[in-house]
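What follows is one structure encoded as structure tokens, with my remarks underneath.
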Number of protein chains: 4
Amino acid sequence: MAKKVRVGILNVTGYAGLELARLLYQHPHVKLAAVTGRSEAGKPLGSVFPTLDDLGLTITDDVPRSAGVDFIFSALPHKASAEALLPFLRQGLRAVDISADFRLRDAAEYQQWYGVVHPAPEMLKESAYGLTELNKEAIRRAQVIANPGCYPTSAILALAPALKKGLIEPDIIVDSKSGVSGAGRGLSLGAHFSEVNETVSAYSLEGHRHLPEITQELRRLTPGAKLRVTFVPHLIPMTRGILSTCYAPLVEGRLALASAQGELAAVYREFYRDEPFVRVVSAPPQTKHTVGSNYCVIYPTVDQRSGRLVVISCLDNLVKGAAGQAIQNMNVMLGFEETAGLLGLGLWP
Amino acid sequence: MAKKVRVGILNVTGYAGLELARLLYQHPHVKLAAVTGRSEAGKPLGSVFPTLDDLGLTITDDVPRSAGVDFIFSALPHKASAEALLPFLRQGLRAVDISADFRLRDAAEYQQWYGVVHPAPEMLKESAYGLTELNKEAIRRAQVIANPGCYPTSAILALAPALKKGLIEPDIIVDSKSGVSGAGRGLSLGAHFSEVNETVSAYSLEGHRHLPEITQELRRLTPGAKLRVTFVPHLIPMTRGILSTCYAPLVEGRLALASAQGELAAVYREFYRDEPFVRVVSAPPQTKHTVGSNYCVIYPTVDQRSGRLVVISCLDNLVKGAAGQAIQNMNVMLGFEETAGLLGLGLWP
Amino acid sequence: MAKKVRVGILNVTGYAGLELARLLYQHPHVKLAAVTGRSEAGKPLGSVFPTLDDLGLTITDDVPRSAGVDFIFSALPHKASAEALLPFLRQGLRAVDISADFRLRDAAEYQQWYGVVHPAPEMLKESAYGLTELNKEAIRRAQVIANPGCYPTSAILALAPALKKGLIEPDIIVDSKSGVSGAGRGLSLGAHFSEVNETVSAYSLEGHRHLPEITQELRRLTPGAKLRVTFVPHLIPMTRGILSTCYAPLVEGRLALASAQGELAAVYREFYRDEPFVRVVSAPPQTKHTVGSNYCVIYPTVDQRSGRLVVISCLDNLVKGAAGQAIQNMNVMLGFEETAGLLGLGLWP
Amino acid sequence: MAKKVRVGILNVTGYAGLELARLLYQHPHVKLAAVTGRSEAGKPLGSVFPTLDDLGLTITDDVPRSAGVDFIFSALPHKASAEALLPFLRQGLRAVDISADFRLRDAAEYQQWYGVVHPAPEMLKESAYGLTELNKEAIRRAQVIANPGCYPTSAILALAPALKKGLIEPDIIVDSKSGVSGAGRGLSLGAHFSEVNETVSAYSLEGHRHLPEITQELRRLTPGAKLRVTFVPHLIPMTRGILSTCYAPLVEGRLALASAQGELAAVYREFYRDEPFVRVVSAPPQTKHTVGSNYCVIYPTVDQRSGRLVVISCLDNLVKGAAGQAIQNMNVMLGFEETAGLLGLGLWP
């Protein structure tokens with residue numbers, strides 16, 4: 001057996017970091033060698049997160065030199081993430097950044113949406129957007145991967161085949177429903193149990209930070225089109241999962257309405273034929289079909305009455321929407337089989 | 001104090017019937033005199049539903065003559081409802097029907113969507129669609145009220161001002177999120193706790209029975225327009241509540257984009273100025289703002305980037321979406337203050 | 001109609017304060033005249049808590065003189081509560097204190113459990129423990145009522161009849177299960193949605209502050225007995241409700257085992273015969289039978305195999321466990337009917 | 001690599017069967033070769049349970065001869081299970097039975113609690129009770145393993161060290177809290193979302209079928225003692241997990257009260273020193289520490305005030321409480337490492 005790659009996780013104490021550790025424990029080619037987390041530094045990982053006790057690690061302030069890490073995952077918040085990654089990148093290490101720092105190609109747009117000057121604009125050209133299914137060649141070569149946001153992953157995978165094949169007008173609505181873990185482990189009234197249990201709400205109606213990311217990537221699929229994208233995220237009372245319902249008018253004449261459903265399914269199946277983690281299904285899926293697994297499950301359909309495409313996509317926001325896709329990207333970067341460490345089935349019920 | 005009206009509830013054992021009983025207990029002008037429910041007939045209401053014990057009633061097979069009822073609510077399933085109401089209507093009693101039997105004006109359309117011949121087409125002309133805020137005059141005069149569906153109530157109230165004022169194109173998407181109580185008290189795998197907890201799904205993508213109802217009523221608000229309505233309901237893991245997110249393109253030139261938000265709010269506030277149960281709010285609401293109360297809370301906004309109207313509306317599907325609106329309709333029919341028995345505040349948290 | 005009593009709520013921004021406001025809105029003899037809340041002072045109550053919008057009040061720093069209040073409810077945290085109440089008490093106003101400040105008769109014991117010197121020991125003799133059903137005469141006369149803790153209310157009501165009638169040994173276990181709203185509105189990881197959803201835990205195993213309160217009151221019911229009380233609270237993933245399962249060995253020879261169940265039920269029914277808010281039931285209840293209402297529902301039974309009493313009691317921790325019982329106490333203090341303002345039925349489902 | 005053992009699952013369509021399939025997918029020494037389920041026979045497993053699609057199996061009526069199975073898991077209901085297993089056992093196959101059929105050593109006691117004549121009393125002597133940690137030698141040799149109930153697993157593991165070491169009086173209370181998946185996939189009002197969400201209830205107060213199982217196994221640990229066991233299960237609104245709170249008086253003089261906590265922890269740690277799936281912890285655990293994993297997490301403590309042992313134990317009712325322990329037992333029977341296929345970490349959050 002080949003020597004294992006030694007990896008480090010920056011900020012294991014957030015939900016994405018935690019999930020990385022859980023998944024990497026079963027990765028056949030990886031040894032998790034260091035986990036950082038300022039607020040809990042010095043404590044055994046298992047005392048802070050009992051589910052991770054078997055890893056036998058201690059949380060540290062920084063990645064110690066002695067850990068001998070070959071590869072870095074950052075699960076830090078934006079800005080802090082790029083800043084913490086820079087020293088590793090300068091040493092030539094490769095990395096997957098789960099934060100937003102390398103997602104927008106344009107540092108000015110980043111500044112506009114995130115309200116801070118980009119901490120490492122020079123690295124943007126060394127980075128690739130890590131929606132694995134759509135960008136594999138670039139991912140293979142990049143030094144640092146911008147792991148996509150959870151909402152963009154669900155929306156872009158849902159729309160890519162129809163957009164690329166010219167089946168829809170670029171007049172798109174993405175209505176997403178997310179579990180509360182997407183809001184992270186930081187305390188807020190908006191994630192306080194008694195305030196979010198038994199309720200649903202829309203938020204960020206004035207513009208969510210994942211909107212420019214969705215638009216940027218959809219534009220790459222249909223260069224020149226004048227995209228109109230409305231994105232409305234909703235918070236629903238469950239822990240994990242995102243379901244996105246995507247709407248767009250069908251281009252007239254491209255699909256025969258009578259057989260549109262079947263033609264559409266064929267287009268989607270063909271598009272994702274070689275992708276191990278996208279499952280095109282023939283009945284409406286639910287987020288629970290993906291809990292704990294790296295799948296994105298997609299159901300494309302046609303509203304015959306209005307001539308509209310409706311696509312439902314589901315994923316686990318912490319796996320395909322964060323840590324799982326990060327590992328998938330590492331697998332591609334390092335030449336492992338793409339599914340390594342990611343074969344666990346979802347939990348039902 | 002005037003003599004109380006004696007009312008009966010057909011099928012108290014479903015969630016709408018239960019909620020009617022809960023609310024009527026505090027109605028100042030009403031005496032609940034009979035509650036039917038075949039499967040539990042003969043049992044004290046409080047033994048089947050402990051929360052209703054204070055009513056001191058016994059469930060019966062049918063409304064006994066001795067109950068001396070003056071007014072009927074039916075919470076039976078469609079078809080059974082109209083059949084059970086007919087004898088009362090023939091005696092000249094007035095009624096609110098919570099089922100779908102009198103909602104669609106066209107008996108043929110009813111047959112198409114519900115798969116049965118309409119059981120009382122001759123009564124359609126004696127009925128009125130009971131979306132109280134939009135149809136008060138007709139409700140006052142009708143013998144039987146078709147209490148609207150929960151989804152249509154949320155969607156139509158959300159869209160009515162913009163549609164009536166000509167602010168939007170008739171190209172509409174309604175994306176609704178409902179708690180599980182909307183599926184009723186009948187057992188099904190789709191309402192089995194372990195299968196619906198911690199998950200979200202879209203359903204009835206091929207066409208939900210509430211679609212023709214939404215379309216029919218929106219059409220009355222904008223006669224002649226060529227409506228394209230897509231309606232996708234979703235099931236989310238909570239008991240009560242519906243949130244509908246409604247999308248439509250703004251008609252160009254009607255609102256100045258720069259001040260669209262404020263103009264829109266003014267239009268909505270004016271439209272519902274005299275309506276005690278519609279609250280137009282200036283921040284995104286959530287369903288929990290309405291739990292247990294008869295409010296529909298509406299937040300209209302504009303997506304500046306795409307020139308689209310987005311309206312969020314929230315209500316409790318068992319109150320404004322069923323039993324509460326039924327009582328509101330009875331109040332209008334009988335000349336009571338519209339809010340009688342409906343002043344209880346929502347529960348938070 | 002008599003002039004309404006003008007009441008003020010100190011700290012309307014916690015869950016007990018909120019619930020007081022909700023319930024008082026429908027109280028026939030009370031006018032809510034002032035609501036305080038430092039962090040939100042100056043804001044309309046309805047902008048902070050949309051469900052309370054109909055009250056038409058503004059949150060203030062302190063109770064303004066102009067409010068002309070006759071009666072005070074304090075929903076402040078312990079220590080702050082007695083301190084804030086003192087000026088009102090010195091003016092001769094009467095009050096219900098929902099905090100723990102006047103619950104323990106012994107200021108030294110208070111200091112031991114709460115870690116602070118009692119802020120108003122001289123007022124202890126003017127106070128009464130407000131478990132309404134067991135202490136009505138004292139409540140009528142006291143100037144300030146110590147509203148019981150939510151757990152003690154459920155435990156003491158469950159055990160009082162058996163203990164007082166000498167049916168059980170004073171060797172008691174109280175195993176309680178509480179919804180998360182009992183932890184209040186203050187942010188903590190222990191009330192963060194993703195951390196408490198889909199999990200159950202025991203806490204305060206080294207001794208919960210409600211233990212001395214339970215012991216003190218049980219001791220009054222059985223003076224001289226050597227009580228051994230173990231109390232273990234658990235947190236479960238729901239918003240409202242407490243279920244306490246209480247265990248104690250039956251005194252041999254007091255109940256004929258063959259008919260113990262029936263005899264026990266008779267003892268409990270007789271004990272609470274005149275109490276409008278205690279319902280002794282003949283089938284295991286659930287917390288949802290009480291949501292939003294002021295009931296405590298009790299099911300006493302005998303484990304024949306082990307000769308043990310098992311009593312299940314359920315209540316809504318924010319109503320009978322806090323705001324509802326506070327109003328019940330006010331009703332007794334002011335000579336209103338005990339049920340005034342508290343007749344609303346619980347929500348089901 | 002050695003040839004894989006070919007196993008079959010009888011009744012893959014219940015939650016225990018489903019979970020077996022999920023876990024066996026990653027077992028290094030096993031090939032899942034057949035899955036039965038009468039109601040869904042003929043359908044691809046992945047069409048009925050999308051999370052199991054990767055297994056690539058079709059549900060059959062019976063285990064086909066062509067499947068060449070070497071080992072059987074039965075997840076059928078009691079009675080049906082033993083009946084279905086008999087033919088395999090007669091052919092000499094070994095099996096783990098997740099039903100209750102071989103749990104009680106005494107066929108008469110079985111008949112008393114389950115209301116049916118034991119379907120295979122002659123096999124009782126070929127069976128062993130599969131609480132793996134306490135019965136490994138017998139499990140190794142038995143032909144059929146009675147996989148323990150979920151509640152008994154949590155209760156017996158929690159009490160075994162204290163009972164065996166003579167630290168407690170045999171006067172025991174087990175107060176258990178279970179998620180709803182324990183009630184299975186069969187429809188009932190008691191598992192209907194809107195009826196069990198946001199509520200907690202006690203059930204089977206007259207005697208749960210898991211009581212004789214708990215008593216039988218505790219008696220084996222302390223032969224001759226006169227056990228008094230009270231067991232009260234509760235249903236709480238979550239999908240997976242059981243937490244049992246166990247109470248018993250300490251035998252006087254065995255533990256020095258001042259250092260009881262530490263001595264107790266040492267006894268428990270020593271008792272489970274070599275057991276990979278029991279984790280003795282030093283802070284109160286929660287069920288979510290075990291979701292998806294085969295761990296039973298145990299926290300023993302002493303209530304100093306009453307001189308009582310209190311032990312909290314947590315597990316995932318579908319894993320250590322059913323399918324996981326079944327695989328653990330198979331591993332022991334077949335001489336695999338005990339942890340094979342069971343190394344996945346629990347999900348958090």
Side-chain angles (χ1 to χ4, degrees), chain B residues 14-15 17-19 21-26 45-55 179-185 191 194 197-198 237-240 276-277 279 281-293 295 297 299 314 316-319 339 342-349, chain C residues 14-15 17-19 21-26 45-55 179-185 191 194 197-198 237-240 276-277 279 281-293 295 297 299 314 316-319 339 342-349:
Chain B
Y15 290 145
L18 262 162
E19 190 70 355
R22 178 181 78 87
L23 292 166
L24 289 173
Y25 181 63
Q26 295 210 294
L45 184 56
S47 76
V48 182
F49 303 110
T51 54
L52 300 182
D53 193 58
D54 287 349
L55 284 160
V180 182
S181 67
R185 203 161 166 257
S194 300
N197 183 36
E198 293 290 300
M238 61 183 202
T239 302
R240 286 174 181 239
F277 291 118
R279 188 177 281 159
V281 293
S282 49
Q286 39 186 290
T287 52
K288 202 165 178 159
H289 291 161
T290 66
V291 168
S293 84
Y295 280 104
V297 183
Y299 175 67
C314 293
D316 182 328
N317 57 306
L318 297 180
V319 190
T339 58
L342 297 170
L343 289 170
L345 302 181
L347 260 68
W348 183 280
Chain C
Y15 290 144
L18 261 162
E19 191 69 355
R22 177 180 78 87
L23 292 166
L24 289 172
Y25 180 63
Q26 294 209 294
L45 184 57
S47 78
V48 183
F49 302 110
T51 54
L52 300 181
D53 194 57
D54 287 349
L55 283 160
V180 183
S181 67
R185 204 161 167 258
S194 300
N197 183 36
E198 292 290 300
M238 62 183 200
T239 301
R240 289 173 179 237
F277 292 119
R279 187 177 282 160
V281 292
S282 49
Q286 40 186 291
T287 53
K288 202 165 179 158
H289 291 160
T290 67
V291 169
S293 84
Y295 280 104
V297 183
Y299 175 67
C314 293
D316 181 328
N317 57 307
L318 297 180
V319 190
T339 57
L342 297 170
L343 289 171
L345 302 181
L347 260 69
W348 184 280

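Letters A, B, ... are given to chains in the order of the sequence lines, protein chains preceding strands, and every chain is numbered from 1.
Rounding to the nearest 0.5 angstrom, the gap separating the CH2 atom in Trp348(C) from the CG atom in Leu318(B) is 13.0 Å. Here CG of Leu18(B) is found 11.0 Å from CG of Leu345(C). Values are rounded to the nearest 0.5 Å.
At least one donor-acceptor pair under 3.5 Å links the side chain of Arg240(C) to the backbone N or O of Pro349(B). Judged by distance alone, with hydrogens and angles left aside, the side-chain atoms of Arg279(B) form no donor-acceptor pair with the main-chain N or O of Asp53(C) at under 3.5 Å.
Proximity to chain C is absent for every atom of Gln286(B), based on heavy atoms less than 4.5 angstrom apart. With a threshold of 4.5 angstrom between heavy atoms, Glu19(C) approaches chain B through side-chain atoms but not through N, CA, C or O. Only the side chain of Thr239(B) has a heavy atom closer than 4.5 Å to any heavy atom of chain C. With a threshold of 4.5 angstrom between heavy atoms, Ser181(C) approaches chain B through side-chain atoms but not through N, CA, C or O.
Counting heavy-atom pairs closer than 4.5 Å to chain C, the top-ranked of the candidates Val291(B), Thr290(B), Leu343(B), Val281(B) is Leu343(B). Residue with the most contacts toward chain C among Leu55(B), Leu23(B), Asn197(B), Val297(B): Asn197(B) (heavy-atom pairs, distance under 4.5 Å). For the set Ser282(B), Pro50(B), Ala283(B), the entry with the most heavy-atom pairs within less than 4.5 Å of chain C is Pro50(B).
Closest approach of Lys288(C) to Thr51(B), counting heavy atoms only: O-CG2, 4.0 Å.
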Intermediate values then yes/no, side-chain contact (heavy atoms from CB on, under 4.5 Å), Tyr295(C) and Asp54(B): CA-CA 11 Å; Tyr295(C) 280 104; Asp54(B) 287 349; 2.5 Å; yes

